Amino acid sequence: MELDDMKTAWRELDRRIDAGAEVDRRIWKELKLEQTRSTLSWLAGWPLLELVIDILAVLLVGAFLAGHIHAARYAVPAIMLQVAAILKLSATIRQLAMIARIDYAAPVVAIQRQLAALRALRGRTTMWIFLLALLLWTPLAIVGAKALLGLDLYRAFGPLWIALNVALGVAVIPLAIWIARRHAGWFRNSRVMQQLADDIAGRSLTRATGHLDEITRFEDER
Amino acid sequence: MPEATTTMATDSLRDRFEALFERHRKIIFKVANTYCRHDEDRRDLAQEISVQLWRAFPGYDAQRSFSTWMYRVALNVAISFARRASQRDRHMVTLDDSTAEPIDDRAATHEADERVHALQRIIDGLGDLDRALMLLYLDDHSYREIAEVLGISETNVATKINRLKQRIRKDVRSNPSE
């Protein structure tokens, strides 16, 4: 097929589009644009929710830390949680700043680069949250039990329990990554779980960075 | 009265948008057809593009070409949509007799069908950005216009189109049915 053939085929396709466009025109007329929820609202929806949660986390852990700053057994896990919460909050703010700059009316290559960079950031952030969660769930249990129930987990379960849980968290990391990489099919019925598996396995990040490479090659004039 | 003024302003904006949209709406269907193979996906994408066009319209500079503006929005939305769809579906849509869905079921000739299918197969094999370039080129846009929509130089457009032509010739040679 030479270029002339392609243009002929394109004109034929154009004619068929014209024939079908009348149906689509009716759909457009009925569309209530102001009220229609965009599927692209994923862009800002989740990060806004995360922003609220992140701010709450920083405030709550900060309040706990302020009240237990002189008790190392509580201050140390609280500091670990607070550092993680602040890092997470800064990543969320960075995402929202990137989203605010996206203008679909801007040149295609520039916007696709921004979107790919955003996906890479989200992929990286989710992967790190998962890893940190497995390591920090014991400090979270210590701080949460004291804050919500007044319970001292050191006394209730002993230092051995705490050490075992930390070790378990570390041990589960490679297992979870292995499952996410080798058995992603287990999650096919749930889009959320599939996305999480992709993030944990690093597939989301690989796809996003692959897309960034593709854009760079496209921009390259050689 | 301020509420009435706001309503009037919105109506006026909507009227202007509708008038421009009506004149150029084929762009949406061309883009949707280029990035989607199934009717349902095409409709979803067309709807998504329409919504984003309306949302972006207050920022449209009337001194500039509406079709360029519309192509940019439509292509940006389409590429995002296609990426999300491919991640969800985890399969490539390949065109064969069982999945082919010509826009108009009343196909004119068998030969026309074959050319359209061949064209769609070639487009399907292109990356998202090459697909956008091909769409604009086949739609008889100048290199300058293509460069403006995509945000690359005219030289780059020319280089890429030449490469695409070579690739298509090579592709056709290895599929002699075309």
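Atom set for the values below is all heavy atoms of this structure, side chains included, hydrogens, waters and symmetry mates excluded. Every value quoted in this text rests on a predicted model; they were computed, and no experiment measured them. Proteins get letters first, then strands, A, B, ... in listed order; numbering begins at 1 in each.
Heavy-atom distances place no part of B:Asp44 under 4.5 Å from chain A, backbone and side chain included. Looking at B:Ile123, only its side chain comes within 4.5 Å of chain A, counting heavy atoms on both sides. Looking at A:Ala106, only its backbone comes within 4.5 Å of chain B, counting heavy atoms on both sides.
Note on B:Leu129, B:Leu164, B:Val73, B:Leu133: by heavy-atom pairs under 4.5 Å with chain A, the leading option is B:Leu129. Most heavy-atom pairs under 4.5 Å with chain A, from the set B:Leu75, B:Ile79, B:Thr68, B:Val157: that is B:Ile79. Contacts with chain A were tallied for B:Asp139, B:Ile28, B:Asp140, B:Leu53; B:Asp139 has the most, counting heavy-atom pairs under 4.5 Å.
For the pair A:Lys88 (side chain) and A:Ile129 (backbone), a donor-acceptor distance under 3.5 Å is absent. Checking side-chain atoms of A:Asp220 against main-chain N and O of A:Thr216 turns up no donor-acceptor pair under 3.5 Å. For the pair B:Asn156 (side chain) and A:Glu219 (backbone), a donor-acceptor distance under 3.5 Å is present.
Residue B:His24 is tested with B:Tyr60, B:Tyr71, B:Phe66 for a ring pair (Phe, Tyr, Trp, His ring centres under 6.0 Å); the sole match is B:Phe66.
In this structure, B:Phe21 and B:Phe17 have tilted ring planes: the angle between them lies in the 30° to 60° band.
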